[in-house]
Asker: 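Just passing along the structure, written as structure tokens.
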Amino acid sequence: QVQLVESGGGLVQPGGSLRLSCAASGFSFSSYNMGWYRQAPGKECELVATITFTGSRTNYADSVKGRFTISRDNAKNTVTLQMNSLKPEDTAVYFCNAPTTARQPMCVTRDRYWGQGTQVTVSS
């Protein structure tokens, strides 16, 4: 029932920008905080940005603060991640999902639905 479809990833040079989108369905989107996760090979899952259910507050991981901006459109059931000043270390698969309060974020868990993610590659 729940569907999360990420898009917008691609190959970009360092310093470039990308805009990721997540289309959600099958649940009361506007009642949930949302976030963007990322995971690169050999690295831990990272919750890079969150936004409250109304969009009134946002939070960012230190690694992306000042460069990424999360937003949402509850009328369209979408959440967006604008990524600027991209660095090679931003290379990862990016997923959208409702954030949890877990101390260590976990990507692609089996207890809930995850989309296919969208690949972001930052390389010269």
Asker: Would you compute the distance between atom CG of Leu20 and atom OG1 of Thr80 and round it to the nearest 0.5 angstrom?
Answerer: 8.5 Å
Asker: How far does OH of Tyr113 sit from CD of Gln3, to the nearest 0.5 angstrom?
Answerer: 6.0 Å
Asker: What pair of heavy atoms forms the shortest contact from Thr54 to Arg72, and how long is it?
Answerer: C-CD, 4.5 Å
Asker: Treating Ile, Leu, Val, Met, Phe, Trp and Tyr as nodes and any side-chain heavy-atom pair under 4.5 angstrom as an edge, say whether Val108 and Met34 lie in one connected cluster.
Answerer: no
Asker: When rounded to the nearest 0.5 angstrom, what distance separates CZ in Arg57 from OG1 in Thr50?
Answerer: 9.5 Å
Asker: Test side-chain contact (heavy atoms from CB on, under 4.5 Å) on Gln39 and Val93; report intermediate values, then the result.
Answerer: CA-CA 5 Å; Gln39 188 159 40; Val93 179; 5.7 Å; no
Asker: Any donor-acceptor pair under 3.5 Å linking the side chain of Arg112 with the backbone of Asn97?
Answerer: no
Asker: Run the side chain to side chain donor-acceptor pair (under 3.5 Å) test on Ser63 and Glu46 for me, step by step, so that the C-alpha distance in whole Å, both residues' side-chain angles and the decisive distance to 0.1 Å come before the verdict.
Answerer: CA-CA 10 Å; Ser63 57; Glu46 184 178 17; 2.6 Å; yes
Asker: Please answer whether the main-chain N or O of Phe53 pairs with a side-chain N or O of Asn74 as donor and acceptor at a distance below 3.5 Å.
Answerer: yes
Asker: Mind listing the closest non-hydrogen atom pair of Ala92 and Ala40 along with its distance?
Answerer: CB-N, 3.9 Å
Asker: Measuring from atom CG of Leu4 to atom SG of Cys22, what distance do you get when rounded to the nearest 0.5 angstrom?
Answerer: 5.0 Å
Asker: Would one find more than 12 heavy atoms of other residues, nucleotides or ligands at under 6.0 Å from atom OH of Tyr60?
Answerer: yes
Asker: With rounding to the nearest 0.5 Å, note down the distance linking OG1 in Thr121 to CG in Leu86.
Answerer: 10.5 Å
Asker: Hey, which of Thr91, Thr118, Leu47, Asp90 is the one that makes side-chain contact (heavy atoms from CB on, under 4.5 Å) with Arg38?
Answerer: Asp90
Asker: Is any NZ, NE, NH1 or NH2 atom of the basic residue among Asp62 and Lys65 found under 4.0 Å from an Asp or Glu carboxylate oxygen of the other?
Answerer: yes
Asker: Between CD1 of Ile70 and SG of Cys96, what distance do you get to the nearest 0.5 Å?
Answerer: 9.0 Å
Asker: Under the 3.5 angstrom rule, does the side chain of Glu44 hit a backbone N or O of Pro105 as a donor-acceptor pair?
Answerer: no
Asker: Membership question, hydrophobic clusters at under 4.5 Å side-chain separation (ILVMFWY): are Trp36 and Met106 in the same one?
Answerer: no
Asker: Using side-chain heavy atoms (C-beta onward) and a distance below 4.5 Å, is Phe95 in contact with Glu6?
Answerer: yes
Asker: Counting the benzene-type ring for Trp, do Tyr37 and Trp114 have ring centres under 6.0 Å apart?
Answerer: yes
Asker: Please report the shortest heavy-atom distance between Arg19 and Ser71, naming the atom on each side.
Answerer: NH2-OG, 4.5 Å
Asker: Say whether Val79 and Val5 are linked into one hydrophobic cluster, either directly or through other cluster members, by side-chain heavy-atom distances under 4.5 angstrom.
Answerer: no
Asker: Please work out which of the three classes, parallel, tilted or perpendicular, describes the rings of Tyr94 and Phe68, given edges at 30° and 60°.
Answerer: tilted
Asker: Looking at Gln104, I'd like to know if its CD atom is crowded, meaning that more than 12 non-hydrogen atoms belonging to other residues, nucleotides or ligands lie closer than 6.0 Å.
Answerer: yes
